[in-house]
Number of protein chains: 2
Amino acid sequence: MGADTVLSAPPAAAGRRPANRRAQILDAAARRFRRHGYSAASMRDIAGDVGMLAGSLYHHVASKEDLLVAVHEEGIRRISAAVTAALAGVEGPWRRLEAAAAAHLSVLLEGGDYAVVVLRELPRDLPAVRRRLAPLRDAYEDLFRGLVDELPLAAGTPRRHARLMLMGALNWSQSWYRPGGDPPAAIARSFVALLRGTA
Amino acid sequence: MGADTVLSAPPAAAGRRPANRRAQILDAAARRFRRHGYSAASMRDIAGDVGMLAGSLYHHVASKEDLLVAVHEEGIRRISAAVTAALAGVEGPWRRLEAAAAAHLSVLLEGGDYAVVVLRELPRDLPAVRRRLAPLRDAYEDLFRGLVDELPLAAGTPRRHARLMLMGALNWSQSWYRPGGDPPAAIARSFVALLRGTA
DNA sequence: GTCTATAGCAAGATAGAC
DNA sequence: GTCTATCTTGCTATAGAC
């Protein structure tokens, strides 16, 4: 790639501004969904955050539900990318699980609003949204299922429970974590060690 | 107490109906808060569930926020009562932790709407509600802190992380649990065993 | 691509009759 | 203790000017 060219970018212009209006909208939506919850967040406020009025939003997104789906998709994409990257070149089943857990937790606790929305804002009364997102979430879950399957556990150890315990502990940490305490990677390491029995 | 008298009950009457109108309202609110989330649940629907109109609700509760606080208080009370009862007469630190975890999980997964609301519906943008509930939640947390402190863990084991891991795994289970799978007590036993390193 | 303007509706809460 | 009626406000979404 040439240094000054960007694939699929708008034609170069001296003072071009737009770049990605939609991305700004997604950022604002993720933030509002996280702070106030999906149904308490308003399209007006999201629009205001990016400097437009409510009506103008609908030029970029079809509905509030679509906006929620888009935030989830981006969030899952980011988490998956971080975990996949963290696994590259790491050997040994326990080390791999620890690397994945640390990456998962880092994105969750320090990765911004998208990941938090993915975990907390999937309203029960929007079945259409849940249906659209189910495959993505399942695929991510499979990633950890594979990692746990590789562990050299004592025969009879319930691998499903081990996975659910670790993931539950990691995901729930978002409700007690405060910046300034143990860093995400340390928490993840600790949880994996406790699971391994070598804390 | 005499068999036919009840402390602090309304004066006995042949066909008395009211008994506990407020309790019915709380039940309906807990259900609606759980199903739709606090902000998507409407006072109109809650009123309708108990056969009255929206305005009449305000004879029993001061506001929607008060209703949420009341549901939380009742939920925490139920969970605490179940765990305390489960601990009675149980000896041995691991057995006690397991009993508490099983009781906690049973209420959470099979105890109805109150407990679920306690875990899931504490909106970030209602600081007044959070303030009012903080002491209750902390007191409950202390109960498990005490149980974990009693465990004979290897020196250096991070007890705080052990507690957070277990509680996180238990609390998160509400997002994947489906009736008909492993019963709550079995899940709790499994998690405690994994923590203990004897799965 | 953003604006103005508004349709159409539902929300929380209150006042006063009964 | 419940109802009727309503105030006030906020919401999602659309239509059409610019």
Side-chain angles (χ1 to χ4, degrees), chain A residues 9-11 13 15-33 35-71 117 121 123 125-129 132, chain B residues 9-33 35-71 117 121 123 125-129 132:
Chain A
R16 75 171 190 279
R17 204 108 290 276
N20 237 357
R21 213 79 174 89
R22 186 179 159 94
Q24 299 177 339
I25 292 170
L26 281 193
D27 281 355
R31 192 180 150 103
R32 290 278 175 185
F33 290 162
R35 282 233 184 138
H36 309 286
Y38 171 73
S39 74
S42 82
M43 294 296 266
R44 275 196 228 293
D45 288 342
I46 294 169
D49 290 344
V50 300
M52 56 172 72
L53 295 183
S56 311
L57 269 187
Y58 292 85
H59 187 77
H60 302 274
V61 299
S63 69
K64 195 184 178 186
E65 278 195 24
D66 274 359
L67 199 41
L68 179 63
V69 170
V71 169
V117 170
E121 300 298 332
D125 46 356
L126 296 180
V129 171
R132 287 173 65 181
Chain B
R16 78 169 187 279
R17 205 106 293 276
N20 246 352
R21 212 76 174 92
R22 186 179 158 91
Q24 299 177 343
I25 292 170
L26 282 193
D27 281 354
R31 192 177 148 102
R32 290 278 175 184
F33 290 162
R35 282 234 183 137
H36 308 285
Y38 172 72
S39 73
S42 81
M43 294 295 267
R44 277 174 167 78
D45 287 342
I46 293 169
D49 290 342
V50 300
M52 57 172 70
L53 294 183
S56 310
L57 268 187
Y58 291 86
H59 188 77
H60 303 274
V61 299
S63 68
K64 195 183 177 186
E65 278 195 25
D66 275 358
L67 199 40
L68 178 63
V69 169
V71 170
V117 171
E121 299 297 331
D125 46 357
L126 297 181
V129 172
R132 287 173 66 182

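The basis for the numbers below is simple: all heavy atoms, side chains too, and nothing from hydrogens, waters or symmetry mates. Computed from a predicted structure; not experimentally measured. Proteins come first, then strands; the chains are lettered A, B, ... in the order of their sequence lines, and each starts at number 1.
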### Summary
dist B:R31:CZ -> B:D45:CG (nearest 0.5 Å) comes out at 11.5 Å
#### Entry: Where B:Y38 and B:P123 come nearest, the two heavy atoms and their spacing
CD2-CG, 3.8 Å
## Note on the structure
Whole-Å distance, A:R22 CZ to C:dG1 P, equals 13 Å
### Task
Sugar-phosphate atoms are those with a prime plus P, OP1 and OP2; base atoms are the rest. Using that split, label each nucleotide of nucleotides 4-18 of chain D B, S or - for protein heavy atoms under 4.0 Å, 5' to 3'.
B------BBBB----
### Message
Between C1' on C:dG12 and CG on B:L67, what's the gap in Å once rounded to a whole number?
### Response
12 Å
### Query
Between B:D125 and A:R32, is there a side-chain N and carboxylate O pair less than 4.0 Å apart?
no
### Message
How many whole angstroms separate atom CZ of B:R21 from atom C1' of D:dT2?
### Response
9 Å
### Message
So that I can tick it off, tell me whether B:R132 and B:D66 are bridged by a salt bridge, with the cut-off set at under 4.0 angstrom between side-chain N and carboxylate O.
### Response
yes
## Note on the structure
Between CE of A:M52 and P of C:dA5 the distance, given in whole Å, is 19 Å
### Task
Search all heavy atoms of B:A128 against all heavy atoms of B:E65 and return the closest pair with its distance.
CB-OE1, 4.3 Å
### Query
Separation of B:I25 atom CD1 from D:dG1 atom C1', in whole Å?
10 Å
### Query
Taking all atoms of both residues into account, what is the closest heavy-atom pair of A:R44 and A:A54, and its distance?
CG-CB, 3.9 Å
### Phosphate-side-chain proximity, A:H59 and C:dT2, N/O vs OP1/OP2 below 4.0 Å
no
### Task
Find the distance B:I46:CD1 to C:dA10:P and express it as a whole number of Å.
17 Å
